[in-house]
Q: 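Here it is, the structure in full.
Remember, it's 1-based here, ligands and their atoms both numbered in the order they're listed.
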Amino acid sequence: MSQKAPRQFFQPLAAGAPMPMRDLPVRLERMIQFVPAHLDKIRAKVPNMADQCDVILGNLEDAIPADAKEAARAGVIEMAGMLDWQAKGIGLWARVNCLNSPWFLDDVTQLVMQAGKQLDVLMIPKVEGPWDIHYVDQFVAQLEAKAGLTRPILLHAILETAEGVARVEEIALASPRMQGISLGPADLAASRKMKTTRVGGGHPFYRVIEDPREDAAPRQSAQQDLWHYTIARMVDACVMAGINPFYGPFTDIADADACEQQFRNAFLLGCVGTWTLHPSQIAIAKKVFSPDPGEVKFARRVLAAIPDGAGVAMLDGKMQDDATWKQAKVICDLADQVAAKDPDMAAAYAE
Ligand code: GLV
Ligand code: MG
C-alpha cells in the first residue's frame with residue numbers, strides 16, 4: 001500500500017493551504033519563453049514579450065551563473081509585479097534550482113512568499129522519483145498557508161535523468177499539484193551517457209541504412225529521431241495522469257528548420273507545447289503548436305459527417321469512424337482554444 005487513499009489525495013498538505021485543483025485550468029501553453037531574470041535589459045522586455053507568449057518563465061537554474069542566482073530570484077519577483085498575469089491569462093512560471101542545490105530552499109520560499117499570487121507553476125529540475133514531488137508538494141503547501149494564498153501553485157517536472165524516465169509514471173501521478181512534464185534532452189543525454197554534444201533534434205550518426213543493393217550502388221540512409229521513445233513514453237505517462245507533456249530546449253538557435261521539425265515531432269506525438277529559449281523560437285512554436293488550418297478544415301468535416309460521434313462515413317476516399325471522430329475532436333477543440341486567443345488564427349480557421 002504505497003498509494004494514498006483516494007479521499008486523502010485531494011486534501012491540502014498544510015493547515016490553511018488552498019484545496020488542490022481537481023482539474024487543471026484550461027489554458028494554451030504552446031510556448032514557455034525562458035527569461036534569464038538576472039539581466040535587467042531582458043527583464044525590461046518582459047511586458048512586450050508576454051503579449052506574444054502563452055507562458056513566461058523566469059529561469060533560476062542552469063544557464064544562470066552561480067553569482068547571479070540571487071539577482072535572478074529577485075528578477076522573477078520583480079517580473080511578477082510587472083503585469084496582472086492572472087487577469088491577462090498569461091502564465092507566469094519559474095524554474096527553480098534543483099532539490100540538492102544550495103539555492104532551492106530560498107528559491108521556493110521567496111517565490112511563494114513574495115510572488116505566489118501571480119505565480120502559476122514551479123518547474124522542478126532533475127526530478128528522479130515521486131519522493132521529490134512529495135517533498136516539494138508539502139513544502140509549497142506550508143508556504144502557501146503562510147502566505148495566505150487561495151489558489152494552489154502547480155508543479156512541473158523536468159524529465160532529465162535516466163532514473164526519472166524509469167519512474168515517469170510515478171512522477172506524473174505523485175500529486176494533484178502536478179501540471180505537466182517537459183523533456184530535458186541536455187541533462188538526460190548526460191545522465192544516460194549518450195555520446196552527443198547537442199540539445200534536442202536529430203544526430204548525423206543516428207540513422208537507419210537500407211539493405212545492400214544488387215548493383216552495388218551507394219546505399220541510402222536517413223537520420224532517425226533520438227527522442228522518439230522518451231517523448232512517447234512521457235506523453236503516455238502524462239495523459240494517463242491527466243497532466244500535460246511538453247518538449248524542452250532546442251539550443252541551435254540559428255537552425256530554425258531543425259527547431260521546427262523537433263517541435264513538430266513533439267506536437268504530433270501529443271505534446272501541448274515547448275520551451276522557447278530565444279524570441280525567434282516563439283513564432284516557430286506558435287506555428288507548430290496551433291493546429292494547421294488545412295487539418296482543422298478536414299477535422300471539422302469529419303465532425304460534421306458523423307454528428308453524434310458514432311458510425312461510419314467516407315470522406316475523400318478515407319474511412320471515418322468513432323476513432324477518427326475522436327482524433328478530429330482533439331484538433332477542433334485545440335483550434336477553438338487557439339482561435340479564442342488569436343484573431344489571425346481565428347480568421348485562418350474560418351476560411
Ligand atoms: C533542460 O534542462 C535540459 O537539460 O535539457
Ligand atoms: Mg537540464
Q: Hey, does His38 have a side-chain heavy atom less than 4.5 Å from the side chain of Ile64?
A: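 They are in side-chain contact.
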
Q: Minimum heavy-atom separation for Pro20 and Phe10, please, with both atom names.
A: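 Scanning both residues completely, I find the closest heavy atoms to be CD-O, 3.2 Å.
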
Q: So that I can tick it off, tell me whether Glu78 and Arg73 are bridged by a salt bridge, with the cut-off set at under 4.0 angstrom between side-chain N and carboxylate O.
A: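 Salt bridge absent between Arg73 and Glu78.
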
Q: Name the residues in contact with ligand 1, where contact means a heavy atom under 4.0 Å away: which are they?
A: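 Residues near ligand 1: Arg95, Glu160, Gly184, Pro185, Ala186, Asp187, Pro249, Trp275.
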
Q: Tally of protein N/O/S atoms under 2.8 Å from the Mg ion (ligand 2)?
A: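 If we list every protein N, O or S atom nearer than 2.8 Å to the Mg ion (ligand 2), we get 2.
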
Q: Salt bridge (Lys or Arg N to Asp or Glu O under 4.0 Å) with Asp62: which of Lys69, Lys126, Arg95?
A: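 Answer to the salt bridge (Lys or Arg N to Asp or Glu O under 4.0 Å) test with Asp62 among Lys69, Lys126, Arg95: Lys126.
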
Q: With no hydrogens and no angle check, just 3.5 Å: does a side-chain donor-acceptor pair link Gln337 and Asp333?
A: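 No, no side-chain donor-acceptor contact under 3.5 Å.
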
Q: Assess the residue pair Gln3 and Phe9 against the criterion (side-chain contact (heavy atoms from CB on, under 4.5 Å)); give the C-alpha distance rounded to whole Å, side-chain angles, the decisive distance to 0.1 Å, and a yes or no.
A: CA-CA 9 Å; Gln3 282 286 72; Phe9 197 66; 5.9 Å; no

Q: Looking at Val55, Leu183, Asn59, Ile158, which hits side-chain contact (heavy atoms from CB on, under 4.5 Å) with Trp275?
A: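 Between Trp275 and the candidates, side-chain contact (heavy atoms from CB on, under 4.5 Å) is satisfied uniquely by Ile158.
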
Q: Establish, yes or no, whether a centroid distance under 6.0 Å links the rings of His156 and Phe246.
A: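 Under 6.0 Å, so yes.
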
Q: Could you tell me whether the side chains of Asp120 and Gln86 share a donor-acceptor contact shorter than 3.5 Å?
A: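 Gln86 and Asp120 do have a side-chain donor-acceptor pair below 3.5 Å.
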
